[in-house]
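Here's the structure, in structure tokens; my notes come after.
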Number of protein chains: 4
Amino acid sequence: MRHKDDNKNQAICDAAIELITKNGFADTSMSKIAKAANVSPATIYVYFENKEDLLNKLYLFVKQEMSAELLNGVNSNQPIEESFKIIWNNFYNYAVENPIRFAFTEQFANSPMIANCRWESMEFFRPLVELFERGKQQKVFKDISLEIFKAFTFAPLMGLIKEHLNGEIVLDKKALETTYEIAWDAITN
Amino acid sequence: MRHKDDNKNQAICDAAIELITKNGFADTSMSKIAKAANVSPATIYVYFENKEDLLNKLYLFVKQEMSAELLNGVNSNQPIEESFKIIWNNFYNYAVENPIRFAFTEQFANSPMIANCRWESMEFFRPLVELFERGKQQKVFKDISLEIFKAFTFAPLMGLIKEHLNGEIVLDKKALETTYEIAWDAITN
Amino acid sequence: MRHKDDNKNQAICDAAIELITKNGFADTSMSKIAKAANVSPATIYVYFENKEDLLNKLYLFVKQEMSAELLNGVNSNQPIEESFKIIWNNFYNYAVENPIRFAFTEQFANSPMIANCRWESMEFFRPLVELFERGKQQKVFKDISLEIFKAFTFAPLMGLIKEHLNGEIVLDKKALETTYEIAWDAITN
Amino acid sequence: MRHKDDNKNQAICDAAIELITKNGFADTSMSKIAKAANVSPATIYVYFENKEDLLNKLYLFVKQEMSAELLNGVNSNQPIEESFKIIWNNFYNYAVENPIRFAFTEQFANSPMIANCRWESMEFFRPLVELFERGKQQKVFKDISLEIFKAFTFAPLMGLIKEHLNGEIVLDKKALETTYEIAWDAITN
DNA sequence: AATGAATGAGGATTCATTCAT
DNA sequence: AATGAATGAATCCTCATTCAT
């Protein structure tokens with residue numbers, strides 16, 4: 001018996017993410033993924049039940065990876081603002097260093113495929129939610145809902161990053177700092 | 001020569017938007033659109049060159065319709081804030097009253113299909129851009145770029161509306177007001 | 001608008017029946033049928049919903065055709081025996097002249113695909129059932145069920161015809177006559 | 001060298017027969033057989049050369065088993081009629097107690113897969129043929145061919161059993177007796 | 001203008017089989 | 001002997017589009 005080849009699995013995932021990001025869901029077929037991954041179409045079905053399963057696992061995988069990067073350097077002994085700023089920069093860095101994966105999650109999140117798969121319900125985003133709660137308790141953050149919090153922190157950041165990656169604007173460190181300040185003011189007392 | 005039938009055109013557009021929003025691009029074929037519009041597949045090609053053309057025209061059509069609604073009641077003699085607030089509420093009302101069209105544009109905007117089709121380059125969004133410029137000149141708005149302006153006004157609002165339409169939160173008039181205030185503070189001096 | 005081409009329909013049916021008879025269900029794919037019928041695979045789906053639909057319609061079509069041939073020359077004013085003998089010979093002639101269609105129905109009838117599709121429930125076989133009932137009333141036939149009647153008339157005949165068509169035996173007019181007499185004796189008082 | 005495992009062989013055969021009977025040849029793949037037999041697909045190829053080999057061996061295996069049951073209690077010192085009646089009842093009992101295997105052989109026999117595999121050529125059915133010859137010599141049976149003999153004995157019986165197993169009729173001991181009498185009369189002087 | 005028929009190309013998935021352990 | 005991984009070929013079917021009317 002052969003054992004499953006982790007390289008193959010990774011090759012399939014990478015190929016799928018890249019193709020989807022470049023050409024969209026509609027134009028990304030299992031055969032194309034297979035070809036890009038240098039694998040037989042049938043082999044994909046050794047690792048994933050079907051296309052939907054592949055897509056879902058892909059999304060979860062990237063989100064998980066992203067969340068790990070996001071929380072890099074964060075701990076609960078830091079002042080709220082320090083943690084927040086680290087996350088803010090981590091987010092920017094992850095997106096800029098992994099533009100394809102970032103674009104992939106954005107496209108995925110806005111498709112009807114995973115309407116029911118909420119951000120904060122994911123285990124690996126919990127630390128972020130807890131940070132927010134702690135900030136509220138410490139009266140650092142305004143008394144607003146998590147959703148409004150996100151709406152004035154990550155939503156603007158993500159929008160700007162998208163435009164940056166599309167080449168529509170340049171979001172350099174300085175612009176990032178400006179944006180950070182506006183966001184911070186918007187959510188703090 | 002007979003005239004093209006506006007009803008048919010409209011039926012095709014409506015069917016396409018609804019199907020795409022409900023099932024995604026990948027599951028929306030020309031035949032399905034035709035069937036949903038009570039029209040022959042061949043008929044679609046009387047009104048649109050091909051699928052890509054249909055999709056693009058669809059997007060432009062909805063965006064145009066949306067922009068008209070957005071500016072409803074706005075004129076350049078009003079104070080900046082009044083105009084802005086009207087637009088803010090128009091946006092909310094349009095999205096809530098046309099959830100399918102709103103979801104359609106969101107899905108479309110995040111797909112690679114129209115990466116090169118910028119918002120403010122569209123003729124019909126010009127009044128909004130002009131309002132922003134006027135606000136900056138009058139020192140009402142901070143001296144920030146249009147993109148940052150959007151990032152702290154429409155981006156948060158759209159995110160919250162999406163969650164509202166998905167049933168994840170309730171964005172009532174009161175919550176809308178709260179959000180408005182945060183946004184207004186974020187972009188004004 | 002083009003109108004449906006009866007030749008195409010017929011070509012598909014003929015090709016399907018021939019392939020199935022020659023190679024069996026398992027080896028008869030839609031593409032092979034299409035190729036044999038000189039038609040695109042997609043064209044089959046203009047005439048039939050899917051493979052199952054094609055197969056069922058095929059079976060009904062052949063059975064109907066067969067029943068029409070069977071009753072050729074039969075009328076309710078004839079003596080029972082005359083009618084019966086005509087049907088007997090019609091059956092033989094049909095099978096010998098249409099060996100492929102005959103083999104097709106036999107293969108089909110013994111597959112689990114149409115377990116629920118009973119012979120005599122088909123409208124077009126009714127006259128045969130009625131002949132049997134009349135014969136019983138007139139005390140020509142024994143007082144047995146329709147199933148037993150079939151078991152000693154058509155079942156033996158079909159079995160022998162199959163062997164004849166397979167080249168295992170020769171069922172000439174004389175042997176047919178012998179068989180007829182045994183069958184007739186078996187079911188009559 | 002380890003021995004081949006008879007349990008595995010049996011499990012594969014049973015699974016194959018059941019699946020084919022339930023779903024037909026077309027829907028019975030090697031993987032499905034393997035899964036149903038709790039065995040790896042590759043394991044099947046330890047016991048059988050390929051799919052065709054498996055199917056043929058399956059058919060022969062069941063036929064052999066069946067013939068052994070058929071002749072149970074028969075010996076050449078009995079009167080012809082006694083032997084015949086025993087076989088008749090054995091047949092019925094086998095079919096009713098092994099409906100799946102019985103249905104399997106029927107389906108198989110009517111498919112083009114084994115068109116060339118004649119009944120009486122099989123070694124294990126020889127005693128039955130010999131009984132027939134002896135009956136003819138003793139002038140018990142009519143002077144008819146083996147095929148006609150079968151046509152009025154086993155063919156009717158098999159047809160009725162099939163309908164019985166399909167739930168279309170009830171073939172109880174009494175009906176079986178009636179049928180037996182008709183058959184016996186049909187083939188005896 | 002409008003349309004159902006027609007189609008080659010391609011969709012997702014499963015096939016029978018072999019490989020490497 | 002036994003097996004899960006691996007696969008090219010084939011499965012059914014749908015696609016975007018064009019044709020003929």
Side-chain angles (χ1 to χ4, degrees), chain A residues 1-6 8-9 26-35 38-54, chain B residues 1-6 8-9 12 26-35 38-54, chain C residues 1-6 8-9 26-34 38-54, chain D residues 1-5 8-9 12 26-35 38-54:
Chain A
M1 182 197 54
R2 250 125 94 178
H3 37 280
K4 278 192 191 176
D5 185 342
D6 259 354
K8 281 202 166 63
N9 194 336
D27 270 346
T28 302
S29 69
M30 295 298 260
S31 339
K32 283 179 186 168
I33 294 172
K35 193 162 291 178
N38 245 287
V39 148
S40 162
T43 302
I44 300 182
Y45 291 86
V46 173
Y47 294 87
F48 304 93
E49 279 182 43
N50 50 37
K51 197 181 186 183
E52 195 188 339
D53 182 46
L54 167 60
Chain B
M1 182 191 76
R2 269 175 279 172
H3 274 331
K4 288 190 186 175
D5 182 341
D6 259 355
K8 282 204 163 65
N9 193 333
I12 292 167
D27 270 348
T28 302
S29 68
M30 296 297 260
S31 322
K32 284 179 185 168
I33 294 170
K35 190 163 292 175
N38 247 290
V39 146
S40 162
T43 302
I44 300 182
Y45 291 84
V46 172
Y47 295 87
F48 304 93
E49 277 180 47
N50 51 36
K51 196 180 186 183
E52 195 187 339
D53 182 45
L54 167 61
Chain C
M1 180 197 55
R2 252 125 96 178
H3 38 277
K4 276 192 192 177
D5 185 340
D6 260 354
K8 281 202 166 62
N9 194 336
D27 271 346
T28 302
S29 69
M30 295 298 260
S31 340
K32 284 179 186 167
I33 295 171
N38 245 287
V39 148
S40 162
T43 303
I44 301 182
Y45 292 87
V46 173
Y47 294 87
F48 305 94
E49 280 181 43
N50 50 37
K51 197 181 187 183
E52 195 188 340
D53 182 47
L54 167 62
Chain D
M1 183 191 76
R2 269 175 279 170
H3 274 330
K4 289 191 188 175
D5 183 341
K8 282 205 165 61
N9 193 333
I12 293 167
D27 270 348
T28 302
S29 70
M30 296 296 262
S31 323
K32 284 179 185 168
I33 294 171
K35 190 164 291 177
N38 247 290
V39 146
S40 161
T43 303
I44 300 182
Y45 290 84
V46 174
Y47 294 88
F48 303 93
E49 278 180 46
N50 50 35
K51 196 180 188 185
E52 196 188 338
D53 181 46
L54 167 61

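Letters A, B, ... are given to chains in the order of the sequence lines, protein chains preceding strands, and every chain is numbered from 1. Please read these numbers as outputs of a predicted model, since none were measured by experiment.
Of the inter-residue distances, the one linking L54(A) atom CG with F48(A) atom CZ reads 5.0 Å to the nearest 0.5 angstrom. A distance of 11.0 Å separates OG1 in T43(D) from CE in M30(D), rounded to the nearest 0.5 Å.
Rounded to an integer number of Å, the gap from CG of N38(B) to C1' of dG4(E) is 14 Å. Per the geometry, NZ belonging to K35(B) stands 14 Å off C1' belonging to dT3(E), to the nearest Å. For the pair I33(A) CD1 and dT13(E) P, the computed distance is 10 Å after rounding to whole Å. Distance, F48(B) CZ to dA2(E) P: 12 Å, rounded to whole Å. D27(D) has its CG atom 12 Å from the P atom of dT14(E), to the nearest Å. Separating the CD1 atom of I44(B) from the C1' atom of dA1(E) is a distance of 15 Å, rounded to the nearest angstrom. Residue K8(C) contributes atom NZ, which lies 18 Å from atom P of dG4(E) at whole-angstrom precision.
Annotation: side-chain contact (heavy atoms from CB on, under 4.5 Å) contacts of K4(C) (sequence neighbours excluded): V46(C), Y47(C). Checked against salt bridge (Lys or Arg N to Asp or Glu O under 4.0 Å), D53(B) has the following partners two or more places apart in sequence or in another chain: K57(B). Applying the side-chain contact (heavy atoms from CB on, under 4.5 Å) rule to A42(B) yields the partners S40(B); only residues at least two apart in sequence or on another chain are considered. Here D27(A) pairs with nothing under the salt bridge (Lys or Arg N to Asp or Glu O under 4.0 Å) rule; sequence neighbours left out.
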Checklist outcome for this item: Contact string for nucleotides 16-21 of chain E, one letter per nucleotide 5' to 3', B = base within protein heavy-atom range under 4.0 Å, S = sugar-phosphate only, - = neither, reads SBBBBB
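For the residue pair T28(C) and K51(C), the shortest heavy atom distance occurs at O-NZ, 2.9 Å. In this structure, N50(D) and Y45(D) approach most closely via the heavy-atom pair CA-CE2, 3.9 Å. The minimum heavy-atom distance linking I44(C) with V39(C) is given by the pair N-CG1, 4.4 Å.
DNA chain F forms stems at E:2-21 with F:2-21, each a run of 3 or more consecutive Watson-Crick or G-U wobble pairs whose two key distances fall under 3.5 Å.
Between dT7(F) and T43(A), a contact under 4.0 Å exists linking OP1 or OP2 to a side-chain N or O.
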